[in-house]
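Counting convention: from 1, in listed order, for ligands and their atoms alike.
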Amino acid sequence: MQKVPTFSKGGVHPRDQKVFSCSKPIERLPLPTELLVSLSQHLGAPAKALKAKGDTVRRGEKIGEASGFISANVHSPVSGTIKDIRKVTLANSIKCDAFVIVPDPEQESEPTETFDWKSQDKSDLLRQVKDLGIVGLGGATFPSHVKFSIPAGKSVDAFVVNGVECEPYLTADYRIMLEKGDEVLIGAMIGSKIIGAKRTIIGIEMNKVDCIEHLSSLAKEKGYPIEIIGLKVKYPQGDEKQLLKATIHKEIPSGKLPLDIGAVVANVGTCHALYEAIVLHKSLYERVISITGECIKEPKNVLAPIGTKFSDLLAFCGGFSAEPGKLVSGGPMMGFSLFDVDTPMVKGSSGLLALPAQKKVKNSPCINCGRCVAACPIGLMPSHLYRYITNGEYEEAMQHSLMDCKECGCCSYVCPAHLPLVHGMKTGKKLGRKK
Ligand code: SF4
Ligand code: SF4
């Protein structure tokens, strides 16, 4: 029997918990009464505001201009009026300016005219990706036009599309692959054309066999030269490093990028956004987000305008079925605890989880069991790094490759002493950089 591929080093198997929302088709959120559209919803410099208080805006209109090499344009998700520009705190604790937009009661209909992507050249496609504010929707929000600008002298063997969605609970990508499969495949072809990739691959874990079958038959029927690869279920396979090891069997060396091994990676949601940008000329102003967890009354996958407050998403899902112990923006392994339900969603918001309270456990001293070392997908020594960091020995931690840590949380997940290892790594990186 053929072995199902996966990455080799470390990894863990948390319960996938996708049962709450995986069968729920994507539903469009009714228009909220107010949106908070942040100027900083991508990796890099915040966008520069192009509108002022009192201005009217149209849906899809550019309202924030990319302000640096790594930055992205921001567009209005609705037609309406800018009531204010004020500071907000995002789920990842970043403070930034945001437009407060009050939507008009009537919105124009969605674009339906389609444009032929095959006849457009690479530079035209890339310009539109930049203009329309496309960023990576898997969570990293790296501006796609920067990722897809391949420097002279470099070439791309493989464009690897990430359909793994390995974080427990999240099902937005799963529903996108099932419901918008053809659009995802066209987006993958567009991405591949821009970067000049020799191969296009979509990696999907075997807990989504229906997606593997659906995309494989669609690709065959439409004649798209795309390989769909089923991967063994293992966290954190959605990380670029692990995904490339599992799909093209190549390792990214420490401090290098996928392009250094001839690969570019993008998420399935990003491919769908590429389709909408190029074929519909639609800017990135809405996305699918999973509202799920044990404490949500009606878990759903929701298509919502960027800037929607999490409180509006919760209300759309019937509120809480039980008092949650914790609210999380993103997945439970790498997401952020949410302290204010009026925080707005951004381009990178993949999920909102309401999780039950957990029994408080005290941490105890390290017993040198080595489980964290076995679980680390990068091959680090989390227990040693944690010791250096708690002793304030940041330089030693740096010398032992602290900066290679992906903050995946595998070490904390397996630690029988319940040590806050990943929290330690994050703190160590921050303080180590300042030294
Ligand atoms: S959080 Fe960092 S140290 Fe811990 S397992 Fe992940 S990569 Fe390794
Ligand atoms: S898993 Fe926890 S107890 Fe075991 S070696 Fe690592 S830090 Fe120590």
Side-chain angles (χ1 to χ4, degrees), residues 6-16 43 92-93 138-140 142 162 164-170 205 231-246 250-258 265 328-337 350 358-433:
T6 186
F7 58 97
S8 43
K9 231 181 268 167
V12 293
H13 298 91
R15 282 177 66 196
D16 86 0
L43 203 79
N92 58 4
S93 303
F142 192 81
N162 183 353
V164 166
E165 203 169 45
C166 62
E167 274 271 11
Y169 291 93
L170 303 183
E205 286 192 340
L231 304 171
K232 195 169 162 185
V233 178
K234 188 158 69 151
Y235 177 86
Q237 196 144 236
D239 183 272
E240 289 183 337
K241 200 174 169 77
Q242 280 66 49
L243 183 63
L244 292 179
K245 182 73 185 160
K250 284 189 178 175
E251 193 118 14
I252 309 174
S254 168
K256 298 285 182 189
L257 297 168
V265 178
V328 177
S329 166
M333 298 296 282
M334 291 189 73
F336 302 96
S337 292
S350 52
Q358 287 194 333
K359 238 183 37 208
K360 282 224 160 62
V361 280
K362 274 198 179 153
N363 56 41
S364 49
C366 171
I367 54 168
N368 289 318
C369 66
R371 286 191 205 173
C372 56
V373 180
C376 180
I378 309 296
L380 303 177
M381 306 271 279
S383 49
H384 286 41
L385 290 171
Y386 185 71
R387 206 169 306 136
Y388 288 134
I389 292 160
T390 46
N391 288 339
E393 295 166 343
Y394 304 117
E395 264 170 41
E396 282 80 352
M398 296 296 217
Q399 279 161 17
H400 286 80
S401 310
L402 172 63
M403 297 314 281
D404 285 347
C405 167
K406 297 283 190 160
E407 302 175 12
C408 66
C410 290
C411 49
S412 299
Y413 181 77
V414 296
C415 178
H418 305 290
L419 291 169
L421 298 172
V422 67
H423 180 72
M425 305 302 156
K426 288 181 189 174
T427 311
K429 281 181 174 182
K430 230 183 261 167
L431 296 177
R433 269 193 212 109

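Remark: Cys415 engages Ala417, Leu419, Leu421 in a side chain to side chain contact (heavy atoms under 4.5 Å, CB included) (not counting sequence neighbours).
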> When you look at Val373 and Ser383, which way does the side-chain contact (heavy atoms from CB on, under 4.5 Å) test go after all the steps?
Replying inline: CA-CA 7 Å; Val373 180; Ser383 49; 4.3 Å; yes
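Atom CD in Glu240 sits 6.5 Å away from atom CG in Leu244 (nearest 0.5 Å). Atoms CE and SG, from Met425 and Cys408 in turn, are 9.5 Å apart once rounded to the nearest 0.5 Å.
Lys232 NZ: 12 or fewer foreign heavy atoms inside a 6.0 Å radius. Atom NZ of Lys256 sits in a sparse spot, with 12 or fewer heavy atoms from other residues, nucleotides or ligands closer than 6.0 Å.
For ligand 2, the atoms closer than 4.0 angstrom to any heavy atom of Cys366 are 3 (S), 5 (S), 7 (S), 8 (Fe). Atom numbering of ligand 2 starts at 1 in the shown order; those under 4.0 Å from a heavy atom of Cys372 are 1 (S), 5 (S), 6 (Fe), 7 (S).
Residue contacts with ligand 2, taken as heavy atom pairs separated by less than 4.0 Å, do not involve Val414 at all.
When atom types are taken as modelled, the side chain of Lys406 and the backbone of Lys241 share no donor-acceptor pair closer than 3.5 angstrom. Between the side chain of Glu167 and the main chain of Gly238, no donor-acceptor pair closer than 3.5 Å is present. Put simply, the side chain of Lys234 never gets that close to the backbone of Glu205: no donor and acceptor are under 3.5 Å apart.
The closest approach between a heavy atom of Ile367 and any atom of ligand 2 is below 4.0 Å.
Nearest non-hydrogen protein atom to atom 4 (Fe) of ligand 2 is Cys369 SG, 2.3 Å.
Inclusion of Cys415 in the first shell of atom 2 (Fe) of ligand 2 is supported: an N, O or S atom falls under 2.8 Å.
Listed by chain and residue number, the protein N/O/S atoms under 2.8 Å of atom 2 (Fe) of ligand 1 are Cys405 SG, with waters left out.
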